[in-house]
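In what follows, a structure is listed as structure tokens, so that the remarks can point back to it.
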Amino acid sequence: MSYEVVVGLEIHCQLNTKSKAFCGCSTEFGKPANTNVCPVCLALPGALPVLNRRVVEDAVKLGLATGCTIAPRSILARKNYFYPDLPKGYQISQYEEPVCSGGTVRVDTDEGHKDVRLVRIHIEEDAGKSIHDIGDDTFIDVNRCGVPLLEIVSYPDIRSVREASLYLQKLHQIVKYLGISDGNMEEGSLRCDANVSVRLKGAEKYGTRTEIKNMNSFKSVEKAIEYEEMRHIDILENGGTIVQETRLWDADKQETRSMRGKEFAHDYRYFPDPDLVPIRIDNEMLERLKLELPEFPNARAERFVQEFGIPAYDAGVLTAEREVADYFEAVVRACGDAKAASNWVMGEVLRKLKERNVPVTSFSVSPERLGDLVGLIAGGTISNTIAKQVFERMLETGDGARTIVEKEGLAQVSDTAEIEKAVQGVIEANPGQVGQYRSGKTKVFGFFVGQCMKAMKGKANPVVVNEILKQKLEG
Ligand code: ZN
Ligand code: MN
């Protein structure tokens, strides 16, 4: 029998605000344990929270980007549970009236578009961290308490591991384009829980679902859902029943295991937080935030095709990351040659970034300098081959292209006399091949070009070399 998997994702996205959601403490990652704290996030008696305006703005921006309805009034609620890394004994979250609801995330699958509907996007704070891997004790670091999160809840619209992965990648791309999160999964800036069930293909009713937690990479999301899908099918095929529960993904063992029975909303005894006033979003704020939205990847790629005449595939690669698209556009501004700029960014630049594992924003060759280099090729000062050498030297030395070309004497030689001398030398040194050419084996022409370029250390203008060679060989 044939089954299909049904998946809904809950994504926690950590915002990149400077200060926490309800106090002025820094959100900086990697600080010594328990140093980014104050009476509010430590839950000392009498301390009162004040909502960070940026958190609301970021939530609205994500809501606008995904076509959500933005609530003109929403409330912050207390989600009560007891855990050592939660000093207050409750998490400030949103329950009955979230800031954003509805909306969709459009995913490009191999079969075309797929719209994954959103239930809601709400604001909440993060909890601290329990550290279990130092000796036999458990340590608590509350630096993360109060760091702002957006929780993005999808409907169970996802039907395959691939779709789940594409959806997550799309959201990652959107928050990065909006500039509201660094989207770094390894540092926990994007955390994903998955609700997974299976049913017979064509069935209307959903199967019993389990929730998987603790997936901290794109790969682990795929692996965990795949594992869970197989586990469900296996149980059903053997006449068993699925238990609704929360399961943990164990990346070392590559399996999920039971963590606790499923909790229900009433277990948390949600109620409006009496310390915080309702969030109000008026039209003026909405209009202002709409103006701050960036041009999104699809629209930008389309514009690149129209404006720069580059292929749709190239435009897709160049707009996958906002910073890469910005870099590319800056190179085009600097050199005026979009096709060459696109080849360089898609080729050499992306390759180097991958090799060095750095983001384009910290790449040592600025777009202006790459533009200069591209300009030197277009102007005939250097060939493409030499340009690649110059590019390497730019990375090593930090010098500009022009400086390197001058210092190292790499400028292309178009001087006919000098090229003629080299051509003459090559012809004299290879009488055999000359004979072949003259008897009709014109294929050896390439050999002569290669020899001439070698003789001139790659600096000869290839057009001039071709011309002179032809004259000499045929004359
Ligand atoms: Zn604080
Ligand atoms: Mn949550």
Side-chain angles (χ1 to χ4, degrees), residues 8-15 17-29 31-55 58-59 62-63 74-83 85-101 118-129 140-154 168 171 175 181 185 188-195 211-216 246 248 259-260 262-271 273 275-276:
L9 294 179
E10 288 172 20
I11 293 172
H12 286 90
C13 169
Q14 185 181 315
L15 299 175
T17 55
K18 284 212 159 54
S19 56
K20 293 185 179 179
F22 302 105
C23 61
C25 289
S26 164
T27 55
E28 203 183 323
F29 182 81
K31 295 299 266 213
N34 304 312
T35 54
N36 285 350
V37 290
C38 75
V40 173
C41 50
L42 282 174
L44 299 187
L48 287 170
V50 177
L51 177 58
N52 183 339
R53 167 177 280 271
R54 251 288 303 278
V55 174
D58 289 355
L62 183 57
S74 68
I75 50 172
L76 293 154
R78 291 186 180 180
K79 181 182 183 180
N80 298 280
Y81 66 96
F82 291 93
Y83 207 72
D85 59 24
L86 189 71
K88 287 200 296 290
Y90 62 84
Q91 177 191 24
I92 303 175
S93 179
Q94 295 195 289
Y95 181 54
E96 276 164 329
E97 296 174 62
V99 64
C100 310
S101 54
L118 300 182
V119 179
R120 57 195 275 145
I121 300 173
H122 71 245
I123 294 168
E124 63 182 32
E125 60 176 345
D126 209 345
K129 225 174 162 173
I140 306 288
D141 177 5
V142 293
N143 278 351
R144 220 174 55 182
C145 276
V147 165
L149 306 174
L150 295 180
E151 181 172 331
I152 304 138
V153 183
S154 88
L168 186 57
L171 262 178
V175 298
S181 172
M185 283 194 90
S189 300
L190 212 60
R191 276 168 269 161
C192 179
D193 302 336
N195 285 298
E211 184 177 3
I212 324 169
K213 291 195 177 289
N214 196 35
M215 299 169 287
N216 53 11
T246 301
L248 201 72
M259 189 177 152
R260 57 171 185 252
K262 174 68 192 165
E263 63 285 302
F264 296 91
H266 61 249
D267 293 332
Y268 291 117
R269 300 173 328 282
Y270 281 99
F271 64 87
D273 192 318
D275 289 341
L276 288 153

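Counting convention: from 1, in listed order, for ligands and their atoms alike. All values derive from a computational prediction rather than experimental measurement. All values below come from the heavy atoms of this structure, side chains included, with hydrogens, waters and symmetry mates left out.
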Point to revise | Residue pair E124 / H122, side-chain donor-acceptor N/O under 3.5 Å | key: yes
**Study point:** Metal check, the Mn ion (ligand 2) vs E10 N/O/S, cut-off below 2.8 Å
**Key:** no
Review point. Are Y95 and I75 close enough, and set up right, to give a side chain to side chain contact (heavy atoms under 4.5 Å, CB included), and what steps lead you there?
Key: CA-CA 8 Å; Y95 181 54; I75 50 172; over 6 Å; no
Review point. Rounded to 10°, how big is the angle at the Zn ion (ligand 1) from C23 SG to C25 SG?
Key: 110°
Exercise for review: Give the atom name of whichever N/O/S atom in H12 sits closest to the Mn ion (ligand 2).
Suggested key: NE2
Practice item. Answer yes or no as to whether an N/O/S atom of C38 is found below 2.8 Å from the Zn ion (ligand 1). Key: yes
Point to revise | Angle at the Mn ion (ligand 2) (to 10°), with one arm to OE1 of E151 and the other to OE2 of E124 | key: 100°
**Study point:** Aromatic F271 / basic R78 pairing, under 6.0 angstrom, 45° off normal
**Key:** no
Point to revise | K79 charged N/C atom sitting above Y268 aromatic ring, 6.0 Å / 45° | key: yes
Review point. Going by atom types only, do S93 and E125 share a side-chain donor-acceptor pair under 3.5 Å?
Key: no
